[in-house]
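Count residues from 1 along the sequence. Computed from heavy atoms alone, side chains included, the values below leave out hydrogens, waters and symmetry copies.
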Amino acid sequence: MKTKTKKIKSKRSKLIKNIIIWCLIAGLLLWFALLRIDVNTASNKYDYAIPFEERNISEFRPASGKIVMKDIESVSTDVTQKIKKVYCKIGDKVEEGDVLCEFESEDLDDQISRIEKYLSDKNKSESLSENSFVSTAERARQAAQIRIDSASMALESARKSYDDTYAKYSDYFDRCYSTDNPEEAQMYLNMYNSYYSQLEPINQQIRAAQKELDEARKAASEISESQKDAEYEKSLTSNGDDEYEKQLEKLKNEKEHLIVTAPRSGIIAESYASEGGYAMDGCLFRIGSLGEYKAETYVGSQDILDIKTGMTASVKTILTGADTIEARVVKISDVFSMANNGYAVELEILDNSYMSQLRHNVKATAKIYSSDLGNLPSVQYDAIAEDKEGNAFVFRAVKRGAEYIAEKVPVEKGYEGSFYVEVKSDELKEGDLIIGNGSGHHDGDRIKIKRAE
C-alpha cells in the first residue's frame, strides 16, 4: 500500500515538473513572438516626406544676377587721365548734355608738348640733310641728339606708364579691401589683378628704353670724336615717327574729350567714376529710365551651351517674394565675365504687371527652361521603387495616432526631371505625403517623418 502511494506521488511530481517545463517553453516562445512583432513594427529611422502635387518639373538651367533698367545706356571714355571732378551721383536725374565728370589735363598737355617738340626737331634734321651748306658732321650730331631725345622720351613714357599703372593697381587694391559689398570687392579684385599683371611687361619696356638711351649717348659721344659716314648717319635717324604720330593723335583726341556729358536724359543708375581715380575699363556711368526693367543674369560654363535665345524663363526677386515672373532669353554673351563667374544672359520680362514692384540693381535668380512642360503631378525621384516585375510604386505616409504608417501605392512613371518625376495614379490625391527612399521601406512600416514640405 505504501509502495503504491509512493508511485502515485512520484508520477504526480513528474507531471508537475513537465507542466512547469512546458509552461516555461510556451512562455519563452510567446516572448520571442512578441519580441519579433515589436521589432517588425518598430519605427524605422527618420525619413522625409514631400506632398504629392503638381509642379513644374521641366529641365532648366539656373542663373543669377540682378534687375536693371530696360533701356540702360553706358557712358564710356577712352581718356586715360585721372578724374578731376565728378558732378553727379547714383539716383541723380540728368538731362542730355549735362556735364557728368571732368578729367585732369596737366599731364596730357606735357605729353603732347614733348612729342610735338620731338617731331619738330626731327623735321628740322631732315631739312638739314637736304641743305648742301650743312656739313655731314652737323647732320650726324643732330641725328644723334634726336636719337637721344627719342630714347629719353621712350624711357620717361615707360616710367610714367608704370607709375600710372601702379597707381591704378594700388587704388583698386585699397577699394577692394575697404568695401563691404562682395560684388564690388570682386570687381575691384579683378581690376587690381589686371593692373598688377601689367607691371612686369612695363618694367621690361623701361629696361629696354634705358638700354637704348645708353647706346644713343655712347653713339653721340663717338660722333663728337670722329665724323661718321652717311650710312651710319642714316642708321642714327631710324624712323619711329609713325608710332609717335599715332600717340600724338590719341592724346589730342583725349584732350577733346576731357569733359564728359550725358548722351541722353535719365537717371544715373550706376556710377564707377570717383575723383582721383580712373575710368574702370572705360566705363564711367550707366543711365536709364524708371519703370521698365529687364534681368541681367549669368550662367556657368557648364550650362551656357544649353542656352538659346527665345527660351522661356522664370525670375524671382526679394521684392516679389515667392512669385515667379515670366521671362524670355533675348541676348547671350560669348565673353566670360570673371567678376560674375559666368556668361551674361539677358532676360526680357514678359509680365508687365510686376514692373511697379521692381527696382534697379535688385538681386534676382532665374530658371532658364530647356524644356517647358508646364505643371505635372509629381513625386521626388528617390521615392519611386520597383518590384521584381518592374512595376513602379511609392509609399504614402498615412497618419495613425502619433505616428505614420507606410502604405504602398502603385504608380505609372512619366516625364523625369532632375529631382521630381511625373507620376500617374488613381489612388494618390493632392497633399498626400510621399516618403523618400522608397526602396528602403516596406508596406506597413512605422515611419517617423523628419521633414514634410
Side-chain angles (χ1 to χ4, degrees), residues 56 60-76 86-96 98 100-101 175-176 178-191 260 262-274 279-281 283-300 307 309 311-333 337 339-369:
N56 192 320
F60 67 86
R61 298 294 179 266
S64 61
K66 59 186 177 181
I67 300 297
V68 299
M69 296 177 187
K70 187 175 182 180
D71 62 345
I72 198 164
E73 180 178 344
S74 295
V75 181
S76 301
V86 178
Y87 296 95
C88 60
K89 60 182 183 298
I90 293 176
D92 284 354
K93 184 177 181 180
V94 296
E95 301 294 334
E96 181 178 351
D98 285 353
L100 304 179
C101 72
R175 293 190 191 189
C176 175
S178 63
T179 182
D180 294 328
N181 187 319
E183 291 183 356
E184 287 186 357
Q186 182 61 49
M187 179 175 64
Y188 294 142
L189 173 65
N190 295 333
M191 291 304 300
V260 180
R264 51 163 287 188
S265 300
I267 301 294
I268 300 294
E270 297 174 25
S271 174
Y272 307 106
S274 60
M280 186 176 60
D281 285 343
C283 188
L284 293 168
F285 306 95
R286 299 185 81 189
I287 301 176
S289 301
L290 299 175
E292 294 290 327
Y293 300 94
K294 62 184 178 182
E296 282 186 354
T297 63
Y298 292 86
V299 174
I307 308 298
T309 55
M311 282 184 172
T312 58
S314 61
V315 178
K316 282 188 175 183
T317 75
I318 192 171
L319 296 179
T320 50
D323 291 355
T324 56
I325 307 171
E326 294 182 16
R328 176 175 58 204
V329 176
V330 293
K331 189 184 297 183
I332 304 169
S333 173
S337 169
N340 297 283
N341 195 32
Y343 292 86
V345 177
E346 182 178 318
L347 303 178
E348 177 188 10
I349 294 176
L350 302 177
D351 192 341
N352 291 329
S353 65
Y354 285 95
M355 291 298 182
S356 61
Q357 300 178 49
L358 300 176
R359 292 294 182 272
H360 183 72
N361 263 349
V362 171
K363 287 185 179 180
T365 58
K367 294 179 179 179
I368 301 174
Y369 297 101

Straight-line distance of [X] [atom1] to [Y] [atom2], nearest 0.5 Å:
X	Y	atom1	atom2	result
Glu296	His360	CD	NE2	8.0 Å
Glu292	Leu358	CD	CG	10.0 Å
Ile349	Leu347	CD1	CG	8.0 Å
Lys93	Ile287	NZ	CD1	13.0 Å
Asp351	Glu326	CG	CD	6.0 Å
Asn341	Gln186	CG	CD	8.0 Å

Go through the structure and list residues passing salt bridge (Lys or Arg N to Asp or Glu O under 4.0 Å) with Glu348, not counting sequence neighbours. Arg328
[X] versus [Y], closest heavy-atom pair with distance:
X	Y	result
Met69	Leu290	CE-CD2, 3.6 Å
Glu270	Ile72	OE2-CD1, 4.4 Å
Cys88	Asp92	CA-OD2, 3.5 Å
Ile332	Val329	CG1-CG1, 3.9 Å
Tyr298	Gly342	CD2-O, 3.9 Å
Ile90	Ser271	CG1-N, 3.8 Å

Identify, with sequence neighbours excluded, every residue that meets ring-ring contact (aromatic ring centres under 6.0 Å, His included) alongside Tyr343. Phe336
Of all residues at least two apart in sequence or in a different chain, which pass the side chain to side chain contact (heavy atoms under 4.5 Å, CB included) check with Glu73?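 Glu73 satisfies side chain to side chain contact (heavy atoms under 4.5 Å, CB included) with Pro263, Arg264 only.
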Heavy-atom side-chain proximity of [X] to [Y] below 4.5 angstrom:
X	Y	result
Thr365	Val315	no
Thr324	Lys367	no
Ser314	Phe60	no
Tyr293	Met355	yes
Arg359	Ile67	no
Lys294	Val68	yes
Leu100	Leu284	no

Where do Phe285 and Val86 land on the side chain to side chain contact (heavy atoms under 4.5 Å, CB included) test, with the steps shown first? CA-CA 11 Å; Phe285 306 95; Val86 178; 4.3 Å; yes
Donor-acceptor pair, distance only, cut-off 3.5 Å: does the side chain of [X] make one with the backbone of [Y]?
X	Y	value
Thr297	Val345	yes
Ser74	Ser76	no
Asn340	Gly65	no

Is a donor from one side chain sitting under 3.5 angstrom from an acceptor on the other, for Glu96 and Ser265?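 Note: Glu96 and Ser265 side chains miss the donor-acceptor criterion.
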